[in-house]
Amino acid sequence: MTIDDFKDAKELAREVLSDCAKPYTAQQLAEIPVIMNVKNKYFWCVDHQEWDLMEDVFVEEGFSAYWNGQPGVTVREMQVEQNKGVCNDSMVPMHMGHNMIVKFLDDTHARLLTRLNDYHTYKDDDSNYEGFGYYVDDLEKGEDGIWRIQTLRLTYRVLLGALRS
């Protein structure tokens, strides 16, 4: 199944892309791998069901999620529970995030564009569910110096197979 691009997410992605040729400062260059690692930790936690580690990926207050433009949960603990419910013991999920681009909004806020291919194999019959899309996430650097996801936005463009509820 193909899905139309969600207008707001595409506009945010275009905003990140429009700035990607601008040079980063030395401080920003040091922050980029740290920001990317937050997203990589998110994928790792989902794929390996490391739920106790996942909560710290998200800001404590002011979190929001969007799925193909539709509002999701607004509390980080609820996001962990949602991930737990979808990527549960009935499957082996694999999320591959790639082609990441970071746009700094200021010293403590950044936007991360990540291409996504996720592949889920159900244990009972080896059936698959696969998605192709992208994330446009907003991250915030807390007073503790740790970057966390403030807004999680996933836009799928192609889905193959069916996600079981």
Side-chain angles (χ1 to χ4, degrees), residues 3 6 9 12-13 16 28 30-105 108-124 126-165:
I3 302 170
F6 178 63
L12 289 171
V16 172
Q28 290 172 333
E31 299 281 11
I32 288 171
V34 178
I35 290 168
M36 290 178 175
N37 283 345
V38 174
K39 191 65 179 186
N40 290 325
K41 180 179 179 180
Y42 168 77
F43 291 141
W44 183 269
C45 288
V46 171
D47 291 346
H48 297 277
Q49 300 179 340
E50 299 286 353
W51 309 121
D52 60 322
L53 298 175
M54 182 183 250
E55 194 172 294
D56 197 44
V57 168
F58 307 115
V59 295
E60 191 170 344
E61 294 180 23
F63 174 78
S64 59
Y66 296 87
W67 309 104
N68 277 49
Q70 300 302 311
V73 299
T74 57
V75 177
R76 72 180 185 173
E77 294 85 0
M78 291 174 67
Q79 182 60 46
V80 173
E81 289 302 313
Q82 180 179 352
N83 285 112
K84 212 188 257 192
V86 173
C87 294
N88 55 46
D89 289 336
S90 70
M91 69 166 68
V92 177
M94 293 300 294
H95 290 76
M96 285 70 63
H98 47 93
N99 301 98
M100 294 179 176
I101 302 173
V102 177
K103 174 186 171 126
F104 287 91
L105 305 174
T108 59
H109 295 88
R111 186 159 286 146
L112 177 64
L113 176 60
T114 306
R115 297 295 304 249
L116 171 72
N117 174 226
D118 58 355
Y119 193 84
H120 308 79
T121 303
Y122 288 97
K123 294 177 181 178
D124 62 352
D126 288 333
S127 64
N128 300 312
Y129 163 76
E130 187 172 12
F132 299 87
Y134 61 95
Y135 282 92
V136 184
D137 298 332
D138 291 341
L139 290 92
E140 180 179 56
K141 187 176 185 179
E143 291 181 12
D144 59 0
I146 304 295
W147 285 93
R148 293 181 179 88
I149 297 171
Q150 184 174 38
T151 305
L152 185 71
R153 297 180 193 91
L154 173 58
T155 299
Y156 278 112
R157 298 299 316 280
V158 175
L159 295 173
L160 305 173
L163 179 64
R164 297 182 196 168
S165 56

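In this text the structure is predicted, and so the values were computed from the model without any measurement.
Using modelled atom types, no side-chain atom of E60 and backbone atom of R76 make a donor-acceptor pair closer than 3.5 Å. Side chain of D137 to main chain of Q150: no donor-acceptor pair is present (N/O by atom type, distance under 3.5 Å, no hydrogens or angles). A donor-acceptor pair under 3.5 Å is formed between the side chain of R148 and the backbone N or O of D56. In this structure, the side chain of R115 does not engage the main chain of N99 through any donor-acceptor pair within 3.5 Å. Proximity of a side-chain donor or acceptor of Y135 to a complementary backbone N or O of K39 within less than 3.5 Å is not detected. The main-chain N or O of G131 is found under 3.5 Å from a side-chain atom of N117 such that the two form a donor-acceptor pair.
For the residue pair A13 and Y134, the shortest heavy atom distance occurs at CB-CE1, 4.1 Å. Residues V59 and E140 approach most closely at CG1-OE1, 3.7 Å, considering heavy atoms. Closest approach of N68 and Y156 over heavy atoms only: OD1-N, 2.8 Å. Closest approach of T114 to G97, counting heavy atoms only: CG2-CA, 3.7 Å.
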Please walk me through it: do T121 and N128 pass side-chain hydrogen bond (donor to acceptor under 3.5 Å, both in side chains)?
CA-CA 5 Å; T121 303; N128 300 312; 3.1 Å; yes
Please assess V34 against K141 for the test side chain to side chain contact (heavy atoms under 4.5 Å, CB included), listing each intermediate value before the final yes or no.
CA-CA 10 Å; V34 178; K141 187 176 185 179; over 6 Å; no
Take R153 and D138 through the test side chain to side chain contact (heavy atoms under 4.5 Å, CB included) and record every step on the way to the result.
CA-CA 8 Å; R153 297 180 193 91; D138 291 341; 2.9 Å; yes
So K123 and D89, salt bridge (Lys or Arg N to Asp or Glu O under 4.0 Å) or not? Walk me through it.
CA-CA 8 Å; K123 294 177 181 178; D89 289 336; 5.2 Å; no
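The number of heavy-atom neighbours closer than 6.0 Å to CH2 of W67, taken from other residues, nucleotides and ligands shown, is above 12.
Using a 4.5 Å heavy-atom threshold, the side chains of F132 and L160 count as touching. When side chains are defined from C-beta on, L163 counts as touching M91, because their heavy atoms get closer than 4.5 Å. Within the 4.5 Å cutoff, the side chain of V73 has no heavy atoms near those of the F58 side chain. Looking at P93 and Y119, their side chains never come closer than 4.5 Å, going by heavy atoms from C-beta outward.
Atom CD of E31 sits about 11.5 Å away from atom CG of N37, to the nearest 0.5 Å. Rounded to the nearest 0.5 angstrom, E130 CD and M94 CE are separated by 12.0 Å. Annotation: the span from Q79 atom CD to E55 atom CD amounts to 11.5 Å, rounded to 0.5 Å. Between Y42 atom OH and E50 atom CD the span is 15.0 Å, to the nearest 0.5 Å. Note that the CZ atom of F104 and the CD1 atom of I32 stand 5.0 Å from one another [nearest 0.5 Å]. Note that CD of Q70 and OG1 of T155 are 10.5 Å apart. Values are rounded to the nearest 0.5 Å.
Checked against the 6.0 Å centroid criterion, the rings of H48 and H95 do not qualify as a close aromatic pair.
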